[in-house]
Amino acid sequence: MLTKEDLIIVDNIQIARDTYEMKLTGDCVQRMTEPGQFLHVQVGDGWEHALRRPLSIANVEDDCVSIVYKVIGFGTEWLAKQPVGKTINVLAPLGNGFSYEGVKNQHVLLLGGGVGVPPLYYLARKLKERGNSITTVLGFQTKESIFYEEKFQKLGSCYIATDDGSYGTKGFVTDVVKECAFSVDQYFSCGPTPMLKAVIQSMSIPGHISLEERMGCGVGACFACVCEANNDIDVKGYRKICQDGPVFPASEVVLP
Amino acid sequence: MLTKEDLIIVDNIQIARDTYEMKLTGDCVQRMTEPGQFLHVQVGDGWEHALRRPLSIANVEDDCVSIVYKVIGFGTEWLAKQPVGKTINVLAPLGNGFSYEGVKNQHVLLLGGGVGVPPLYYLARKLKERGNSITTVLGFQTKESIFYEEKFQKLGSCYIATDDGSYGTKGFVTDVVKECAFSVDQYFSCGPTPMLKAVIQSMSIPGHISLEERMGCGVGACFACVCEANNDIDVKGYRKICQDGPVFPASEVVLP
Amino acid sequence: MTLFVQLPGLSLRNPILPASGCFGFGREYSQFYDLNKLGAITIKAATGEARFGNTTPRVAETSSGMLNAIGLQNPGVEKIISDEIPFLEQYDTPIIANVAGSTEEEYEYVAKTLSDSGKVSALELNISCPNVKEGGIQFGTDPTLAASLTKRVKEVSSVPIYVKLSPNTSDIKEMAMAVEAAGADGLSMINTLVGMKLDIGTGEPILSNSTGGLSGPAIKPVAIRMIYEVSQVVNIPIIGMGGVTCKEDVLEFLLAGASAVAVGTANFRNPLICPELIDALPELLDQYGYSSIEECIGRSWKNARQSAAISRT
Amino acid sequence: MTLFVQLPGLSLRNPILPASGCFGFGREYSQFYDLNKLGAITIKAATGEARFGNTTPRVAETSSGMLNAIGLQNPGVEKIISDEIPFLEQYDTPIIANVAGSTEEEYEYVAKTLSDSGKVSALELNISCPNVKEGGIQFGTDPTLAASLTKRVKEVSSVPIYVKLSPNTSDIKEMAMAVEAAGADGLSMINTLVGMKLDIGTGEPILSNSTGGLSGPAIKPVAIRMIYEVSQVVNIPIIGMGGVTCKEDVLEFLLAGASAVAVGTANFRNPLICPELIDALPELLDQYGYSSIEECIGRSWKNARQSAAISRT
Ligand SMILES: Cc1cc2nc3c(=O)[nH]c(=O)nc-3n(C[C@H](O)[C@H](O)[C@H](O)COP(=O)(O)OP(=O)(O)OC[C@H]3O[C@@H](n4cnc5c(N)ncnc54)[C@H](O)[C@@H]3O)c2cc1C
Ligand SMILES: Cc1cc2nc3c(=O)[nH]c(=O)nc-3n(C[C@H](O)[C@H](O)[C@H](O)COP(=O)(O)OP(=O)(O)OC[C@H]3O[C@@H](n4cnc5c(N)ncnc54)[C@H](O)[C@@H]3O)c2cc1C
Ligand SMILES: Cc1cc2nc3c(=O)[nH]c(=O)nc-3n(C[C@H](O)[C@H](O)[C@H](O)COP(=O)(O)O)c2cc1C
Ligand SMILES: Cc1cc2nc3c(=O)[nH]c(=O)nc-3n(C[C@H](O)[C@H](O)[C@H](O)COP(=O)(O)O)c2cc1C
Ligand code: FES
Ligand code: FES
């Protein structure tokens, strides 16, 4: 049975411009074995904020789950203010993550943009455990927004692109990929839709992408978060991002 | 100019069944010289609770204002949970309180019921300072609800009535008054409307009463809190409790 | 204390049911609790053919509420009967199927197909979905159209019909009386208010459909008012909904005149809300001096009528 | 950055004004700040004779909102002109008088009296107060009545007329177009939604009037939707309102199509809300790339129209 659970905040610190890392502990953490799954997080007191916020699992270590979030509105602002020791109510783990189990001894490319970076870290750790070699390319707005660079470097090579060129390559993650012409077996990507589109277009190898959409229930009941599915695959024609995803084979979905 | 102000919580303790006393400090406390005035208190975060709560000034001492509140709904529950050191936003002091300035060397009767008791305490202190002798009769539901008995005893004689007879006289404050047949010059009363009606009916001396009504603005702008005024006095026919009151000469208003 | 409520076609073990569109076809929340807990289950709207709904974003948060513009996405009535309802048949909980369409013919077809399937206990006629461009909303705001539609659906259906009313109207009583006269067995109210939220960054509506349906605690006062008004002028029962989040809300809906209470938006924040409410009801009713659901229904205006009757004698 | 807005009869130094009924006749909030800060002041409704309004309780809190049933308490139009408006004349801030009544004659009388007084810059025709038993609400839901009333009032008034629309209707565009055709100089929207709250202890409505008008952030999505729809079909300006609590809300109303923004309920929680919003606007507009109020107005749909026009060429 799934349930809601109050997780305890163990840590909540700023790690980049407007970006925080929160560590939480509780029973359901032990079920968080799949990178790419997410927590559906209740924010605020009372019912002024009726919807939960989906946030990706960034890492699981020492019975703690990490989330990395960018402050953009009420919910993330509220999260940033919560002190260690407080509890946060979550539904978790939700969704289907990156299928990494069968990936062994390959060269894998991870492509992340902004707040799409966090889930790739937990994935990188899982892939590394399975003997894969990992190259990561991360895109950020500017130097001050960068986080987790060293963490990824410990697991393989890590390239950075910034929109304004203030650090690493000026441009997008796809620009780095073009430049470097890696030879990789498959890729995993998470980031804003325009980035994902560019990634899919520029890559000729198989890949998985993680999608974002505004959510209601987070569990598949409300049909808020559908995306178009590739018609060749089935006639249903859609996927629910919260339940069927958020991770899909790049060939399975059609981005808007 | 009036303003809103964040007062700091200095103390917040339970003093009777469901009843708390909170002490607050801040600049506007020094303007709280009139017993019977009230604080219009903001409760909760965000806008889920759009209205402020009116709570009487129970005492002013050592730069702190005390309020005594009974937990009956969201706002008072929320207040009870606020820790020392937090701030509470108030508009204060609002309204017109008990006119005690001219009352000197008299025998004054104070009649309070439930959460109508608090403002009488600050009044009692002010009256005592002016050489009046004070008799207080307080009504509570039951023994566990009683508060401030000793405080009033220090200022004069204090009688208690309880609805269930678990302490003091069984019955209402008016039953005590009937029994004891005090000879007093005037009375001041605050409590639920049925009590006030009974008080007015049973007393033949001049008195002042403090009224309660659901409020919007608390400052006289919205006309939420009107009560009927005695037509003999003026043709307007009404009074705003928040602005003209909450204290009125008993003869000036008509209770519903 | 019994929580049992008998409504046309529906023997409810308790008055709590999920609202249509907020509970899919039951599978997802069955991961959280045993659906046999529920009084009934209202499933997502069915249309004649599969619909893919509106483009995303389809939801937005508002103060104490949310907007949705799903656009009736569903696999079509036949697939619902063949692929979705069988899952729910393992439970001993009545199924209410929500019926939608763009034309009278479509409504009729969907209703007949569901009724003929023998798998649902009642139909909820969704004449009030604000999120589809054609159909839906006109039926919901024109009493004549609503009555005519109710009549047609009634004729082809052997299970009771609950007509789901739209709050986007100036006279809800007129609507209610029109569909009652046309044969409705019950009412279901309220659906969502039409609303909108702008993204002040882009300057454009957040929902790609521009407008959406407002639900959640924000609309509860409107729901209570409409149920209070309508329950006094009709003789058919009302399934009440709109912003229920706690046990006190359930009692408020019953007192206003609802005979059962549906929970929509609150499921998203608290997937266990329905069983939690059901467990809390007996003590709550007891605390307020009620010994059955029946006693609560319409108490808000029955009290007043009784005292009026007394003062007249 | 200028916040100046020119509307019929109203030269507003900024687009922020208090909403009628939430600001009395100005005296109370003048204790909190200089009323010369405001774009304009809308005063409480005036009727032909003094009204004492409904019995209390007159207000109740709801999720992110409140209900009120004041019942148009006011000293009558003549006393308002003789006793209340003179206080406001010390300020250099346009006064909008809110006009109410039970009959066309009463509206006409009140409007004429206020207009003739020469002391107000515009009239706001309150055809939408949900809290008076007779009159008010019918005008607000019947386009023909509303148009006829607008016409009569227009004839006797030498200052511009803003008609205040009720959201309790299924077709707000029809209402807006009807009063525009009848000569309205502007619109004011929205008034409150009709709602109710029960006291679950007594089982009865909290408001002694039973129903009341729902205001506050809860209704903002309805207000934004209606302003978005109406501003696209009329050529007269809209004073927008309904749930404004922060600077972002002001921008959202402007983008939706309002030319000025009124603040009601929020004054009660934050008596300084109007000056706070006014002070915050220049930086906010700048942040979002606007250099005047004018540029923001209706941007939500003008954007879409422009891109449609571009894609057509
Ligand atoms: C599967 C998934 C995983 C995500 N993982 C992360 C992550 O690890 N770190 C991170 O910083 N962000 C992540 N996001 C985006 C994150 O959900 C939003 O930034 C967040 O909900 C914003 O909430 P807010 O209250 O601060 O913003 P507000 O704008 O105030 O939120 C209002 C409403 O819009 C929704 N919303 C706003 N922006 C988004 C968005 N980009 N995606 C989905 N819903 C949105 C909110 O959930 C809420 O319902 C993820 C989104 C999805 C769908
Ligand atoms: C001038 C004045 C002085 C008061 N002084 C005190 C005091 O010293 N101690 C004390 O315990 N109580 C006092 N009260 C009553 C107090 O205001 C209410 O108990 C309190 O507002 C309840 O808030 P809540 O959120 O807990 O209850 P809820 O029922 O959740 O409140 C909902 C709404 O109803 C209003 N409301 C509910 N009950 C009352 C009531 N009895 N009177 C006015 N508004 C009400 C609230 O203000 C709020 O707007 C006073 C009331 C007035 C008018
Ligand atoms: C995401 C979502 C989808 C909905 N879909 C439907 C639907 O398919 N059919 C229907 O009759 N009502 C639908 N509704 C309306 C709800 O059934 C309910 O009437 C409304 O949301 C008010 O209840 P609430 O405030 O508890 O959510 C939907 C509501 C939401 C929030
Ligand atoms: C207590 C109160 C009294 C009101 N009185 C009037 C009135 O006299 N005339 C009028 O046109 N609107 C009146 N209104 C409606 C407001 O002017 C405004 O249209 C509505 O409250 C929505 O704005 P808000 O959400 O900012 O409060 C009143 C509203 C409230 C809350
Ligand atoms: S968020 Fe409800 S189906 Fe995905
Ligand atoms: S509460 Fe607004 S006038 Fe008294």
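Each chain gets a letter, A, B and so on, in the order the sequences are listed, and its residues count up from 1. If you're wondering where the values come from, they're calculated on a predicted model, not measured in any experiment.
- Residues C:S64 and D:S64 bring a donor and an acceptor atom of their side chains to less than 3.5 Å of each other.
- In this structure, C:R225 contributes its side chain and D:T211 its backbone to no donor-acceptor pair below 3.5 Å.
- Using a 4.5 Å heavy-atom cut-off against chain D, the contacting residues of residues 244-253 of chain C are C:E248, C:L251, C:E252.
- Summarising the local packing, CD of D:Q287 is surrounded by more than 12 heavy atoms from other residues, nucleotides or ligands at distances under 6.0 Å.
- Considering every non-hydrogen atom in both C:A218 and D:L214, the closest pair reads O-CD2, 3.8 Å.
- Interface summary for chain D: among C:L198, C:I224, C:D199, the most heavy-atom pairs under 4.5 angstrom belong to C:L198.
- In terms of non-hydrogen atom pairs under 4.5 Å with chain C, the most contact-rich of D:G195, D:G289, D:P167 is D:G195.
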(request) Could you walk me through whether C:L193 and D:I219 pass the side-chain contact (heavy atoms from CB on, under 4.5 Å) test, one step at a time? (result) CA-CA 10 Å; C:L193 282 162; D:I219 69 167; over 6 Å; no
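- For chain D, the nearby part of C:P205 is the side chain; its heavy atoms alone come within less than 4.5 Å.
- Under the 3.5 Å distance criterion, the side-chain polar atoms of D:R299 are left unmatched by any main-chain donor or acceptor of C:G203.
- Open room surrounds CD on D:E294; 12 or fewer heavy atoms of other groups in view lie less than 6.0 Å from it.
- For the atom pair CG of D:N168 and CG of C:N168, the computed distance is 10.5 Å after rounding to the nearest 0.5 Å.
- Proximity of D:S210 to C:W301: side-chain heavy atoms (C-beta onward) are nowhere separated by under 4.5 Å.
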Between side-chain atoms of residues 254-268 of chain C and protein atoms elsewhere (two or more places apart, or another chain), which donor-acceptor pairs fall under 3.5 Å?
unit_1: C:T265; atom_1: OG1; unit_2: C:S215; atom_2: OG; d: 2.6
unit_1: C:N267; atom_1: ND2; unit_2: C:V263; atom_2: O; d: 2.8
unit_1: C:N267; atom_1: ND2; unit_2: C:G264; atom_2: O; d: 2.8

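- The most heavy-atom pairs under 4.5 Å with chain C, out of D:T169, D:I200, D:V222, come from D:I200.
- Only the side chain of C:L67 comes within contact range of chain D, judged by heavy atoms closer than 4.5 Å.
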